[in-house]
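Single-structure report; data block below.
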Amino acid sequence: MAFGKGHHLHLIDGSAYIFRAYHALPPLTRQSDGLPIGAVAGFCNILWNEISSEKRASGATHIAVIFDHSATTFRNAIYPEYKANRPPLPEDLRPQFPLTREATRAFNVSCIEIEGYEADDIIATLATQAAEAGGSCTIISSDKDLMQLVRPGIDMFDPMKSRTIGPDEVFEKFGVSPDRVVDVQALAGDSTDNVPGAPGIGLKTAALLIQEYGDLSTLLERAGEIKQPKRRETLVNNAELIRISEKLVRLDDKVPLDIPLETMEITAPEPEKLLKFLTDMEFRTLTRRVAERLKVEVPAIEAAPAKAAAAAPAAVEQDRLPFDPSTYVAIRDRATLDQWLARIAEIGHVAIDTETTSLDEMQAELVGISLAIDPGQAAYIPLGHKQGGGDLFGSASLVEGQLNLSETLAALKPILEDPAILKIGQNMKYDYKILARHGIRMAPIDDTMLMSYAMQAGLNQHGMDLLSEKYLGHQPIPIKSLLGTGKSQITFDQVGVDDAVKYGAEDADITLRLWQLFKPQLHQNRVTTVYETLERPLVPVLADMEMAGIAVNRDTLSRMSNAFAQKLAQLEDEIAETAGEKFNVGSPKQLGEVLFDRMEIPGGTKGKTGAYGTGADVLEDITTMKDSHPQGAQLASLVLDWRSIAKLKSTYTDALQQAINPETARVHTSYSIAGASTGRLSSTDPNLQNIPVRTEEGRRIREAFVAPPGKLLVSLDYSQIELRILAHIANIPSLQQAFQQGIDIHAMTASEMFNVPLDQMTSDVRRKAKAINFGVIYGISGFGLARNLRIPRAEAQGFIDRYFERFPGIKEYMAQTVKFAQEHGYVQTLFGRKIHTPEINAKGPGAGFAKRAAINAPIQGTAADVIRRAMIRMPEAIKDLPARMLLQVHDELLFEVEEAAAPALIEVARKVMEGANAPIVSLKVPLTVEAGQGRNWAEAH
DNA sequence: GCTCTCACG
DNA sequence: GACGTACGTGAGAGCA
């Protein structure tokens, strides 16, 4: 039956409603996994009230929900800045949009969106059609932009305030009748939509003007008659802007729609489909209401542990279940194992922890696996516990009563790889790698360490013992109590099974409890997106990089070590001769005494511990005293040489040989994801992020990092990423422009500061500007810059003053960032990562440190976020190339690739890196990536 | 285990 | 006006 007289259409402004529900309702998460669903819940309630006749007071016969399709519409063609100042979508709201569309379909309600048009335009079109067909229409929205549609046959209903909006309410809001609302809006503009309007004219004035002149076109025609000179001038000068604004605010009621109104007639939902959706969302009350109304049985929603939903504050739980090791189960037979696996499959998640013989995942042997499914319900599967051995003759044998390792892993594999079963761990990268070496790639995963990191970076570390004490009030069994310390330390395979059950199961139990606590807090802390897009997906990526390792040429290192040893011995002789006595050059204490006590060189300063400082800067100063202290100058110079070589030998050429894995013949570092407060990774065992590069001699160590035959190393690094981010965040147009035009940024800074044309730039002036640019990133101080540039402090301060004069935005950024930190206790990156600054309001020197750290953190952190995003996307992007990602060095990614594919790799990887900020963050500066390739890292870099 | 020094971005 | 200062890391050696 065609839509017409007697029919009543309800149009729900879906997008607007979700926003309102999101902001008006307390945050609500799905009990089982913490998925944010508050807005979906609010949306479903209103939808049900609309279609169920229990509340059909409004008498709707037809209904449709309208959504915005995409951010850009025809209005952007008229005015590119339209809605350009919209804040980014809250992270816990984003996933609710698709759910809301799903909900609409589950309720059997029309769900309409058209590309290029806003929901408002579609609503205007449908409402007009309904009114013209002789029926009526109510728009369920309180959006003032829709008020222009109110007329006979069309009204609005504000669902949050439960009130109808008719011509009177519109007049109340705009001071004019609905048909003149557009005129008022065009004059007054709208800051939320970034509609310009006439400058200085607000709603009140606009309404007055329209009341006086009747409508906008008359007003603009007769603008010259306005008595107030300022107003008159504004209207005359901005006539064009006002006309554009009018086009922006006027809704298009002629959207090409091919959806007859009669298809929107309310029909009963299919009970099965609707209830499935509602139970999936775990809406208990609504599920019951709907089921009762539809006269079907109320489906059960599995009762999740109450604590998970309690949204306890970040503190010790009050009524927690005590830890009781006697309840932990040892899984020693197949039947028990199968029972546990069945329960895990039923519940859909499991906390897991592996026990091994080493902290080095590449050499560790699996000893046992712990599982936990609920607080207090945890088990340990002993697999590789041994007895005997240790002496020359007896080889260790497996303890009896253990399941077979490979059979157990085969039984676990389907669960651990099941996409519907969540695997929860503390520092999952470790367990992921252990199991990956046995052919199991766990997915999906959650990591309590990374959850803590997303919420608490800067406040505390994120190790399990600390988290357990802080959040669960429980001190876990110290590993030392099982393994001992020092020389007599044993490995976990030698621990008794009974002890291992208590220890291992407890770890899984703790992890599970932390997860239950953290899951809802992620979204309360507004870091769900950070966790989901920057932390969690990085785990398998880093695991693969670490397992890949990098080929290191032992012979090269060994030859260098030998050469260094000779050179060191030679220098030691010369040093003894110059000093007139033999002493340990490696002892700063002895060196200080020789220089400042015996040779009486001035300028020796003792630090907190009473020892003389003998750092490189101090020694370098002494080398300049050739006239007054020729011997001292020579000694300092020799020691500097000795130090640099000793460093290269001990830390690099010697240590790296040790780090070569005997099985893979490669070096496997381990990245710490949650170590640095800013979001940077760090690299340990060995640290491959500080391989020398700045000096020629040091750089040769990189020649030992090689590509296997037939392959090449490819290095891609972001150029000046932190300065670019600073230019964006602090919004410095001249710096942004320089980056857009590819101008040498340090030279450009120097030119601005010292009034030197670019083509007359000297290297010294440029060097100073470069130091200042870096200083700014670090939270510049006159003292620090003076020391770095070795110039008087007053001169350094003068540079800084001039810099701030030329780039006032930087000073403003610094002040604003510090202020934000003082008020909130944290700062944020562009991607929403929080870095806490607990010392910012401290008294004393601590506050100075904290201020500079607060200034630096958003810049360093944003850069860290960018490369994290690139790394996460990289495996998919290069999956068809014979290449793999090996290392990350903060702004550099190092790949190994078959020779012929190097150009293709560079093209693909560069694209990923240069676009890594999009689409979450758009930058006013381009990110550019420089690439190199070669047989070794020195050539590639 | 702490301090000093120095390698990197 | 004085105070102490560039931001973020990890590792080796000396020393208590």
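Every chain is numbered from 1 and lettered A, B, ... according to where its sequence line falls, protein lines coming before strand lines.
- For Trp937(A) and Glu703(A), the side-chain atoms include no donor-acceptor pair closer than 3.5 Å.
- Among the atoms of the strands shown, only primed sugar atoms or phosphate atoms (P, OP1, OP2) are found under 4.0 Å from some heavy atom of Ala655(A).
- Heavy atoms of Asn690(A) sit under 4.0 angstrom from at least one base atom.
- Contacts of Gly698(A) with the nucleic acid, taken as non-hydrogen atoms under 4.0 Å apart, are absent.
- In this structure, a donor-acceptor pair under 3.5 Å is present between the side chains of Asp597(A) and Tyr612(A).
- Checked against His728(A) for a side chain to side chain contact (heavy atoms under 4.5 Å, CB included), the options Leu927(A), Leu723(A), Leu923(A) give a single hit: Leu923(A).
- There is no side-chain donor-acceptor pair under 3.5 Å between Gln634(A) and Glu574(A).
- Near DNA chain C, meaning a heavy atom under 4.0 Å away, the residues from residues 589-597 of chain A are Lys589(A), Gln590(A).
- Proximity of a side-chain donor or acceptor of Gln736(A) to a complementary backbone N or O of Ala727(A) within less than 3.5 Å is detected.
- When only modelled atom types and interatomic distance are considered, Thr623(A) and Ser637(A) share no side-chain donor-acceptor pair under 3.5 Å.
- Within the nucleic acid shown, Ala646(A) has no heavy atom closer than 4.0 Å to any nucleic acid atom.
- Helical stems in DNA chain C, defined as runs of 3 or more consecutive Watson-Crick or G-U wobble pairs with both donor-acceptor distances under 3.5 Å, are listed by first residue as B:1-9 with C:7-15.
- The separation of dT5(B) from dA6(C), taken at their P atoms, amounts to 13 Å, rounded to a whole angstrom.
- When the P atom is compared between dC6(B) and dA2(C), the two are found 32 Å apart, to the nearest whole Å.
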(message) Let's go through Lys433(A) and Glu546(A) carefully: what are the C-alpha distance in whole Å and the side-chain angles of both, what is the deciding distance for salt bridge (Lys or Arg N to Asp or Glu O under 4.0 Å) to 0.1 Å, and is it a yes or a no?
(response) CA-CA 9 Å; Lys433(A) 284 169 74 178; Glu546(A) 295 171 13; 2.5 Å; yes
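- Using a 3.5 Å distance cut-off with no hydrogens or angles, the side chains of Asn773(A) and Gln720(A) do not pair a donor with an acceptor.
- Residues from residues 820-827 of chain A that place a heavy atom under 4.0 Å from any atom of DNA chain B: there are none.
- Put simply, the side chain of His836(A) gets close to the backbone of Ala457(A): a donor and an acceptor are under 3.5 Å apart.
- First and last contacts of DNA chain B with chain A, using any nucleotide atom under 4.0 Å from a protein heavy atom and ordered 5' to 3', fall at dT3(B) to dG9(B).
- Asp891(A) is linked by a side-chain contact (heavy atoms from CB on, under 4.5 Å) to Asp717(A), Tyr718(A), Ile721(A), counting only residues two or more places apart in sequence or in another chain.
- As a whole-Å value, the separation of Leu648(A) CG from dG12(C) P is 14 Å.
- Between the side chains of Ser715(A) and Glu892(A), a donor-acceptor pair is found at a separation under 3.5 Å.
- Taking the charged nitrogens against the carboxylate oxygens, Lys567(A) and Glu572(A) have no contact shorter than 4.0 Å, which rules out a salt bridge.
- Counting non-hydrogen atoms under 4.0 angstrom, Asp717(A) reaches nothing in the nucleic acid.
- Atom-to-atom, CD1 of Ile645(A) to P of dG12(C) comes out at 19 Å; the value is rounded to the nearest Å.
- When heavy atoms are screened at a 4.0 angstrom cut-off, Ser672(A) is found touching no nucleic acid atom at all.
- At least one donor-acceptor pair closer than 3.5 Å links the side chain of Thr664(A) to the backbone N or O of Arg666(A).
- Arg702(A) places a side-chain N or O within donor-acceptor distance of the main-chain N or O of Pro692(A), the cut-off being under 3.5 Å.
- In this structure, Lys429(A) contributes its side chain and Tyr671(A) its backbone to a donor-acceptor pair below 3.5 Å.
- Within 4.0 Å of Asp685(A), counting heavy atoms only, lie sugar-phosphate atoms of the nucleic acid but no base atom.
- Counting any heavy atom pair closer than 4.0 Å across all strands shown, Ile691(A) reaches sugar-phosphate atoms only and no base atom.
- Side-chain contact, Ser561(A) with Asp654(A): a donor N or O sits under 3.5 Å from an acceptor N or O.
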(request) Using a 4.0 Å cut-off on protein heavy atoms (strictly under), produce a 5'-to-3' string for nucleotides 1-8 of chain C with B for base contact, S for backbone-only sugar-phosphate contact, and - for none. (result) ---BBBBB
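- Side-chain atoms of Glu939(A) come within 3.5 Å of backbone atoms of Arg935(A) as a donor-acceptor pair (strictly under, hydrogens ignored).
- If you take OH of Tyr671(A) and P of dT9(C), they are 17 Å apart, rounded to a whole angstrom.
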